[in-house]
Amino acid sequence: MRTVYLNGEYLPETEARVSIFDRAFLMADGVYEVTSVLGGKLIDFEGHLKRLERSLNELDMQKPAAFDDLLEIHRELVRVNEIGDGLVYLQVTRGSDGDRDFVFPDPATTAPTLVLFTQSKPGLANSPQAEKGLKIISIDDVRWGRRDIKTVQLLYPSMGKMMAKKAGCDDAWMIEDGHVTEGTSNNAYIVRGNRIITRELSNDILHGITRAAVLRFAREAQMEVEERPFSIEEAKGADEAFVTSASAFVMPVVEIDGEGLGDGTPGPVAKRLREIYLEESLKKAI
Ligand code: PMP
């Protein structure tokens, strides 16, 4: 049985309890982060913590613990749960004031809820999916307008994954005003020659921590990076496509809406970026 963390305590997963009045349960009033673990070490931890702070600030939520304490909790959970490869999930909610009310509770009297748990994923970096590539479909993006905040409102992304599954595919890219915003749980890219194209940062997409690292590595490897919106038609005509996220790293896309890209196998740019990302991130893992 896993040991999880809840508001200052390490507990067996079956004993961790949160109020039915917790605002994340009633109103999706919470934010989260997912940090991957490779060889027992945390990948891009600082980036995830910085984004967490940003999400909390944007929603006027309290910081539940200091950076060093959060790092210590991550490490302790990885240790006690013997995680070699896997994920640490962290969630902060606005807490519970013992009733249901749209108005935010007073932070002086209502403490945030802090939950962390691990997921063991042996061989996370050697996923067979990376060899095969993803088949994706395109769907409308009907999410709210603050996708830059990593909230737990994941119903539509979850529905998107189900639409993909129903279509015999792996994931979905979302489209707004004729352009791809991002994947249901990842940032989206296309490749033309030596150029990587991905949508620029704004409130329309999550500012991926993996995205930031991958674009930096791409530039260092003399690839050209163009941050601009692209349409699904442009994506279908691209040489390659891929997605990035903390749990999938760099994952090639080989098919969009039933149309194969290139020769239908993962392209060289996505493969190379995956290797560089894994190698460089492992060097800096803590
Ligand atoms: N976009 C969305 C909508 C996501 O859910 C995620 C994964 N949390 C990402 C992008 C990728 O972000 P990151 O690289 O920080 O995991």
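Counting starts at 1 for both ligands and their atoms, in listed order. Bear in mind that the values here come from a model prediction, so they are computed numbers and not experimental data. Counting from 1, the numbers follow the sequence of the chain as shown.
- Looking only at protein heavy atoms, the nearest one to atom 12 (O) of ligand 1 is G208 CA, 3.5 Å.
- Between K132 and E255 there is no salt bridge, since none of the side-chain N atoms of the basic residue sits less than 4.0 Å from a carboxylate O of the acidic one.
- Looking at E280 and K283, a side-chain N of the basic residue comes within less than 4.0 Å of a carboxylate O on the acidic one, giving a salt bridge.
- Remark: distances from the non-hydrogen atoms of H207 to ligand 1 are all 4.0 Å or more.
- Aromatic ring centres of H74 and F45: separated by under 6.0 Å.
- Of the charged side-chain nitrogens involved, none lies within less than 4.0 Å of a carboxylate oxygen, so that E182 and R211 do not count as a salt-bridged pair.
- For the pair N186 and ligand 1, a heavy-atom separation below 4.0 Å is found.
- Y5 pairs by the ring-ring contact (aromatic ring centres under 6.0 Å, His included) definition with Y10, not counting sequence neighbours.
- Across the listed options N187, I205, T184, I209, I209 owns the non-hydrogen atom lying nearest to atom 13 (P) of ligand 1.
- Regarding atom 16 (O) of ligand 1, its nearest protein heavy-atom neighbour is A246 N, 2.8 Å.
- Which of E182, M174, R211 comes nearest to atom 1 (N) of ligand 1 through a heavy atom is settled by distance: it is E182.
- Among the atoms of R51, some N or O lies under 3.5 angstrom from an N or O of ligand 1.
- Neither the backbone nor the side chain of V34 comes within 4.0 Å of ligand 1, counting heavy atoms alone.
- Defined by atom type and a distance below 3.5 Å, a donor-acceptor pair is present between the side-chain atoms of Y277 and D44.
- Any N or O atom pair closer than 3.5 Å counts here, and T244 shares no such pair with ligand 1.
- Of the protein's non-hydrogen atoms, T210 OG1, 2.6 Å is the one closest to atom 14 (O) of ligand 1.
- Side-chain contact check for K161 and T184: at least one donor-acceptor pair (N or O, by modelled atom type) lies under 3.5 Å.
- Look at K150 and you'll find a heavy atom under 4.0 Å from some atom of ligand 1.
- Shortest contact from atom 7 (C) of ligand 1 to any protein heavy atom: S185 O, 3.3 Å.
- For the pair R94 and F104, the cation-pi test (distance below 6.0 Å, angle within 45°) is passed.
- A salt bridge does not link R192 with D239: none of the charged nitrogens is closer than 4.0 Å to a carboxylate oxygen.
- Put simply, no part of L154 is less than 4.0 Å from ligand 1, judged by heavy atoms.
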